[in-house]
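Below: the structure, in structure tokens.
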Amino acid sequence: MQDVHEIYAVRYAHHDRKAHENYILGDPHDTSEPLAYFVWVIKGADGTFVLDTGFDHAMAEKRGRRITRPVAEGLRAIDVNPDTVTDVVISHLHYDHCGNHTLFPRARYHLQDREMMYATGRYMCHAHQRIPFEADDVVAMVRRVFDERVLFHTGTERLAPGLTVHHVGGHSMGLQCLRVATRRGHVVLAADATHLYSHIEQGRVFPVCYSVAETLEGYATIKRLADSRDHIVPGHDPDVLKRYPAAAPGLEDWVVRLD
Ligand SMILES: [Zn+2]
Ligand SMILES: [Zn+2]
């Protein structure tokens, strides 16, 4: 079937956090609630798409995160050669989603208009709003615009049969999610539209935010796009590695199959 895709979640980094750090208004429990960092691969009849590009060792050091396996290694483990990838979808321009600038030399980058506007406009004059952004990441994307390697999207657009991007906003002004037709139905790769399962399931909000109200509305958008709650894949939940099977023997806790 032409519009049925395989989806892989490739974990590349880890960060220990306390639960209260993951929510506006905090959390009453003094428990650990770490974040996992992923990129995602979608394979279908129209080729291979990569959602987000992660960050490298230098950025991990700067931000106090730990790389578990570099992004390139994870991709090669499922036979994806970054040199030949032609389409990269960027959910948003936060440092953990758009680094590794030279990893995909042939790819064009899919980005929402509003994300570029946000990352290069007046709101970046505020230190608080700049926290999750890196100037070098934004400059790299501007250079790709001048190299005609960026495809801008507005709202909902189709990348291939059974593969659509959808503007969500909230966490970042131009955040987009990816809806993918698979053999088990429509899966939504939410990226940071919900960091953890708890955010969307309990209507709570991660502290890094452009608009709280839009984030909450985004949960409704994601639920509408996914065939069920089990078809929603959060962007940073380590539990994804437990809920889904390893893509192949030896890839446990590293690359899992979501379709
Ligand atoms: Zn983010
Ligand atoms: Zn993120």
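Read the numbers this way: they start at 1 and go in the same order the structure lists the ligands and their atoms.
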Please tell me whether Leu75 and Tyr37 are part of a single hydrophobic cluster in this structure, the criterion being side-chain heavy atoms less than 4.5 Å apart.
yes

Quick check: of its N, O or S atoms, which one does [X] have closest to the Zn ion (ligand 2)?
| X | answer |
| --- | --- |
| His97 | NE2 |
| Asp192 | OD2 |
| Asp96 | OD2 |

The reported gap from CH2 in Trp254 to CG in Leu241 (rounded to nearest 0.5 angstrom) is 12.5 Å

Can you tell me which residue among Val150, Val88, Asp87 is in a side chain to side chain contact (heavy atoms under 4.5 Å, CB included) with His110?
Asp87

Return the name of the atom in His94, of element N, O or S, nearest to the Zn ion (ligand 1).
ND1

Shortest non-hydrogen pair, Lys43 vs Ile78, comes out as NZ-O, 2.7 Å

Angle subtended at the Zn ion (ligand 1) by NE2 of His92 and NE2 of His171, to 10 degrees?
110°

Heteroatom N/O/S of His236 within less than 2.8 Å of the Zn ion (ligand 2):
yes

Can you tell me which residue among His236, Arg63, His15 is in a side chain to side chain donor-acceptor pair (under 3.5 Å) with Asp96?
His236

